[in-house]
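Beneath this line is the structure, given in structure tokens, with notes to follow.
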Amino acid sequence: MTAPLFALADCNNFYASCERLFNPALAGRPLIVLSNNDGCVVARSNEAKALGIGMGIPFFQARKLVERHRVAVFSSNYSLYGDISRRVMAVLAGLCPDMEIYSIDEAFLRLDRLPHEPLALAREMRDRVRHWTGIPISIGLAPTKTLAKLANLIAKKSGEGVFQIERPERLHGLLARLPVKEVWGIGRRSAERLQALGIETVEQLRRADPRQIRRHLSVIGERILCELNGTPCLDLEETQSNRQILCSKSFGQRVTTLAPILEAVSNYAARAGERLRRQRLCCGHIHVFLQTGHHDARVYSNALSQGFPTPTSDSRQLIRVAKGLAQRLFLEGYRYQKVGVILMDLAESRRIQDDLFTPRNDNPRLMQALDAINARLGADEVFFAAQGVQRPWRMQSGYRSPRYTTCWNELARVS
DNA sequence: TCTGGGGTCCTAGGACCC
DNA sequence: TCTGGGGTCCTAGGACCC
């Protein structure tokens, strides 16, 4: 058995690159993409990064820079990004089927089971994705996933596009210049704790005492340390079905009355039900939360759960229970920012056992018909009255680009 | 005025059992 | 002053990721 060799392929500035695909006039121009509700900056082109627009900052804080430098601004367009992502992943899988899709814009691949020379294969992947989809990617190669992440970072920074770490001890010069928070799995809190121990760079962490790290950062920290030294602790993960499904969005504006909250929670319950059925799952528990903004003057946040006698995937049941819980959570006198639904205790539908004494109210054929109509004619063509018609509470996305690849009415036009 | 959404994993602590 | 030990299961909360 050969030693593992992982590649991490990561799309450069993915959302920003997607926006440019169908709009060549944006090339070279600074561009940012906003989170849902146009709240925060979640993606930036290189030009926007160079202007000093930070990742994750609230949009209003970036507004001055945006106006002064004519930065192009987009609301997130997940239909577009999801479709482009599928195309990128298909190209990668065509060259190396041993793949784990890690996020919308990243995939881990194992190159050691293929006969090809790894660096040459990585360059081929990069060229082919660029050529076939228009999306630029970078690839890091290394004996562990954690090191492959770092190699990818170096590949991006160097502009090479591909970089391999063969033996971490041979590049201590590079690792000594990288702050420890760049390591996959080391977030803000862990970085602070490490700093208190005098560990500031990746190289210092790599050479740290495993017992000390375990004491302060638990097994996760110890595993990271191991991986940094070239001993793999993580392999590609099988795609497994979700453990929970969460549907939630901020309201377009703060909400003070119960009615729009009930409409919104019904929508999220229906959405969650669709996702549940698409994965052929049922849920045993539903959890509803309601909250004001963290930064609001009067803060309130609460949640309630309820179980089903028999696990279900029927939207009508999900909506009924979700509304009941939301009603109990609601208190007068607050300005609410968000409501959400989480489905838990997920199990495969075909394994559900009926309860002898509780008749089931599910109607799978009705749900199938509902999903089929919406799949064919467009989402939300048929919906429950509880979801509301006008939906004034809906989130804002004032800068959304057309869904070029997933909606007939929004195809790109060439004149 | 305006601060995302969707996930996973680990740990600590309480309830309960023998 | 002293008041068992060992185990399981569940949940809440923290931390992290993109």
Side-chain angles (χ1 to χ4, degrees), chain A residues 8 10-15 32-43 54-64 66 73-78 81-82 85 100-108 145-146 149 152-153 180-194 214-224 233-234 237-254 264 268 271-272 275 279 284-285 287 289 291-297 299 301-305 307 335 337-346 395-399:
Chain A
L8 176 68
D10 186 332
C11 302
N12 302 349
N13 312 328
F14 182 56
Y15 297 169
I32 60 174
V33 179
L34 304 178
S35 63
N36 277 331
N37 233 15
D38 295 340
C40 300
V41 176
V42 293
M55 178 66 179
I57 62 163
F59 180 41
F60 70 88
Q61 282 176 17
R63 213 156 219 149
K64 278 238 166 69
V66 164
V73 177
F74 291 93
S75 306
S76 337
N77 183 347
Y78 287 104
Y81 312 150
S85 170
E100 170 197 341
I101 296 177
Y102 176 68
S103 74
I104 194 166
D105 70 332
E106 280 172 78
F108 285 106
K145 284 174 131 180
T146 305
K149 275 278 208 181
N152 187 283
L153 181 79
V180 78
K181 70 165 193 328
E182 300 289 355
V183 176
W184 187 38
I186 303 291
R188 191 173 50 87
R189 301 307 291 265
S190 302
E192 281 169 12
R193 277 184 212 170
L194 287 173
R214 187 187 179 114
R215 217 169 34 244
H216 289 91
L217 299 185
S218 84
V219 291
I220 300 186
E222 197 182 7
R223 198 158 60 204
I224 291 171
C233 305
L234 306 165
E237 281 178 37
E238 316 275 315
T239 44
Q240 48 180 357
S241 47
N242 295 7
R243 299 172 152 275
Q244 60 174 48
I245 290 175
L246 186 154
C247 270
S248 163
K249 279 189 185 65
S250 303
F251 301 119
Q253 282 103 35
R254 294 287 190 271
Y268 304 148
R271 278 295 324 277
R275 282 160 59 184
Q279 300 185 56
H285 263 89
H287 183 88
F289 61 88
Q291 56 189 233
T292 61
H294 313 296
H295 308 275
D296 290 1
V299 175
S301 167
N302 203 353
L304 283 169
S305 312
R335 300 173 68 240
Q337 181 234 359
K338 182 196 270 192
V339 67
V341 171
I342 306 177
L343 305 184
M344 293 178 301
D345 284 354
L346 306 188
M395 70 166 189
Q396 298 167 350
S397 47
Y399 308 93

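Chain identifiers are assigned alphabetically (A, B, ...) following the order of the sequence lines, protein sequences preceding nucleic acid strands; residue numbering begins at 1 within each chain. Computed from heavy atoms alone, side chains included, the values below leave out hydrogens, waters and symmetry copies.
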Looking at every strand, decide which applies to A/Asn242 at a 4.0 Å heavy-atom threshold: base, sugar-phosphate, or nothing.
sugar-phosphate
Among C/dC16, B/dC9, B/dT11, the one nearest A/Arg243 by side-chain distance:
B/dC9
Can you figure out which of B/dC10, C/dC18, C/dA15 approaches the side chain of A/Val219 most closely?
B/dC10
Value rounded to 0.5 Å, distance of CD in A/Gln337 from CD in A/Gln291:
6.0 Å
What integer distance in Å separates A/Ile220:CD1 from C/dG13:C1'?
14 Å
Interatomic distance, A/Leu304 CG vs C/dT11 C1' [rounded to whole Å]:
15 Å
Just the rounded figure in Å: distance from C1' of C/dC16 to CE of A/Met55.
15 Å
side-chain contact (heavy atoms from CB on, under 4.5 Å) evaluation trace for A/Arg214 with A/Val219
CA-CA 6 Å; A/Arg214 187 187 179 114; A/Val219 291; 2.9 Å; yes
Take A/Gln61 and A/Arg275, find for each the nucleotide of DNA chain B with the closest heavy atom, and name the residue whose nucleotide sits nearer the 5' end.
A/Gln61
Heavy atoms only, 4.0 Å cut-off, all strands: where does A/Ser76 land among base, sugar-phosphate and nothing?
nothing
Side chain of A/Gln244 only, heavy atoms from C-beta on: which candidate in B/dT8, B/dC2, B/dG4 is closest?
B/dT8
Would A/His294 count as stacking on B/dT3 if stacking means ring centres less than 5.5 angstrom apart and planes tilted under 30 degrees?
no
Is A/Asp10 close to A/Tyr102 at the side-chain level, that is, under 4.5 Å between some pair of heavy atoms?
no
Hey, is the side chain of A/Arg254 poking within less than 4.0 Å of OP1 or OP2 on B/dT1, counting only N and O atoms?
no
What is the distance, rounded to the nearest whole Å, between atom CD1 of A/Ile57 and atom P of B/dC2?
17 Å
Using a 4.0 Å heavy-atom cut-off across all strands, classify A/Leu34 as base, sugar-phosphate, or nothing.
nothing
Which of C/dA15, B/dG5, C/dC18 is nearest the side chain of A/Trp184? It is C/dC18
Scanning all shown strands, the Watson-Crick or wobble mate of B/dC9 with both distances under 3.5 Å is C/dG14
Between P of B/dG4 and CD of A/Gln253, the distance in whole Å:
15 Å
Give the rounded distance in Å between these two atoms: CG of A/Asn36 and P of B/dG6.
7 Å
To the nearest Å, give me how far apart CG (A/Leu217) and C1' (B/dT11) are.
13 Å
What's the closest nucleotide to the A/Arg193 side chain, out of C/dA15, B/dG4, B/dT3?
C/dA15
For A/Val33, which contact category applies under a 4.0 Å heavy-atom criterion: base, sugar-phosphate, or nothing?
nothing
Of the listed nucleotides C/dC18, B/dT3, B/dG6, the one nearest the side chain of A/Leu246:
B/dG6
Looking for any heavy atom pair under 4.0 Å, which part of the strands does A/Arg271 touch: base, sugar-phosphate only, or nothing?
nothing
Between C/dC18, B/dC10, C/dA15, which one does the side chain of A/Asp105 approach most closely?
C/dC18
Note: for A/Arg214 and A/Asn37 on DNA chain B, the residue whose nearest nucleotide lies more 5' is A/Asn37
Looking across every strand, which nucleic acid part, if any, lies under 4.0 Å from A/Arg188 by heavy atom: base, sugar-phosphate, or nothing?
sugar-phosphate
To the nearest 0.5 Å, how far apart are CG in A/Leu234 and CH2 in A/Trp184?
5.5 Å
Can you check the A/Gln337 CD to B/dT3 C1' distance for me, whole Å?
8 Å
A/Glu106 and A/Lys149, any side-chain heavy atoms less than 4.5 Å apart:
yes
By nearest atom, which of the nucleotides B/dC2, C/dC17, B/dG6 is closest to the A/Lys149 side chain?
C/dC17
Would you indicate what A/Glu106 reaches in the nucleic acid, counting non-hydrogen atoms under 4.0 angstrom: base, sugar-phosphate, or nothing?
sugar-phosphate
Any idea how A/Tyr15 and A/Tyr81 line up, ring-wise: parallel (<30°), tilted (30 to 60°), or perpendicular (>60°)?
parallel
Among B/dG6, C/dA15, B/dG4, find the nucleotide with the atom closest to the side chain of A/Ser35.
B/dG4
How long is the straight-line distance from CG of A/Asp345 back to CZ of A/Arg243, given to the nearest 0.5 Å?
11.0 Å
Return no unless some side-chain N or O of A/Ser250 is found under 4.0 Å from OP1 or OP2 of B/dG5.
yes
Picking from C/dC17, B/dG5, B/dC10, which would you name as closest to the side chain of A/Lys338?
B/dG5
